[in-house]
Amino acid sequence: MSKFADMETFPHVFQVPSHTLREGGLFEMKGKWNELFFKNSNPIVLELGCGKGEYTVGLGQLYPDKNFVGVDIKGARLWTGAKESIEKGMTNVAFLRTNIEMIHHFFAENEVSEIWLTFPDPQMKKVTKRLTATNFMKSYQQFLKPTGLIHLKTDSNFMFTYTCEMVKTNDYPVIYSTNDLYASDLQDTILGIKTYYEQQWLSRGLTIKYIKFQLEKRDDFIEPDIEIENDSYRSFGRNRNVADS
Ligand SMILES: C[S@@+](CC[C@H](N)C(=O)[O-])C[C@H]1O[C@@H](n2cnc3c(N)ncnc32)[C@H](O)[C@@H]1O
């Protein structure tokens, strides 16, 4: 069976075309993920841009008392985590195929406790596409609890610098921040989970950066006004080692 046919049969994979939502269609589980799907009242944690879903599945195994939803636009990638979680018999994991720009259509006010952003594309040219840009903070605060947390794990100095500045400019409380996670004093098994992209960046000798902050509610949002040097290695092909440059 093809991955896409497989996905249609998975009971824990959800998708609604963006045009349906734009035309006023509703996602019936919005506000009811726990009641209709997870059948408990445990906190809900999202991984946005989850790719193959390593964090969604890994966290789901570490925390059976939390519910995890992996979100990505690419179905073939989601399939890997969806298949693995089914095979492991996990009941606290689901996947959502959508553009993250539409994410507020899928979760209601205060429905989500935490968001993980794992190795998102830094979108160096287009700030509004960056998953830690203020337009996304405005979107996330619509469904994140007032004490809700955002975790960013990244190889990208550009993305990390931008996010730290965005957090500072908007005065969000920082819980933890390091520009070299594996040389830091943070001992946390959660951070030991390595995604597909993380393994690639580590094998190129890059350091991993991590910031955890609280998304307090804001009425106004300020985009940081700074120049950030681009990540030079991002223009290289996937197969070329950073050491070759
Ligand atoms: C660089 S990959 C990282 C994947 C995974 N988190 C990892 O670390 O291996 C970025 C992922 O985000 C997804 N993505 C980027 N922008 C998105 C958007 N606006 N909506 C949905 N998915 C998006 C891509 O499809 C891709 O799978």
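Both ligands and their constituent atoms are indexed starting at 1 by order of listing.
The aromatic rings of W201 and Y233 sit perpendicular, their planes meeting at an angle over 60°, well past the 30° parallel limit.
Residue E101 has no N or O atom closer than 3.5 Å to an N or O atom of ligand 1. Checked by distance only, ligand 1 and E54 stay at 3.5 Å or farther apart across all their nitrogen or oxygen atoms. Residue V71 places no N or O, backbone or side chain, under 3.5 Å from any N or O of ligand 1. Considering backbone and side-chain N/O of N99, one or more are found under 3.5 Å from N/O of ligand 1.
At a heavy-atom distance under 4.0 Å, only side-chain atoms of R77, from C-beta outward, approach ligand 1.
Residue T98 holds the heavy atom nearest to atom 21 (C) of ligand 1 of all those in T98, L131, T195, D155. Scanning T56, D72, T154 for the heavy atom closest to atom 25 (O) of ligand 1 points to D72. The heavy atom nearest to atom 20 (N) of ligand 1, out of those in I73, D121, I100, L96, is found in I100.
For the pair K30 and F27, the cation-pi criterion (under 6.0 Å, within 45° of the ring axis) is not fulfilled. Relative to the six-membered ring of F136, R130 misses at least one condition, a distance below 6.0 Å or an angle of at most 45° to the axis. Seen from the ring of Y210, K153 does not count as a face-on cation partner, given the 6.0 Å and 45° thresholds.
Within the listing of ligand 1, atoms 1 (C), 2 (S), 3 (C), 8 (O) sit less than 4.0 angstrom from a heavy atom of F119. Shown in contact with T118 at under 4.0 Å from a heavy atom are these atoms of ligand 1, numbered in order with element: 3 (C), 5 (C), 6 (N), 8 (O).
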Can you list the steps and then say if N34 with N67 is a side-chain hydrogen bond (donor to acceptor under 3.5 Å, both in side chains)? CA-CA 8 Å; N34 275 349; N67 299 324; 2.8 Å; yes
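Among the candidates T169, T134, N170, N135, the single residue satisfying the side-chain hydrogen bond (donor to acceptor under 3.5 Å, both in side chains) test with E223 is T134.
With no hydrogens or angles considered, no side-chain donor-acceptor pair links Y197 and D155 at under 3.5 Å.
Using a distance-only test at 3.5 Å, with no hydrogens or angles considered, no donor-acceptor pair links the side chain of E54 to the main chain of I193.
Heavy atoms of P120 stay at 4.0 angstrom or farther from ligand 1.
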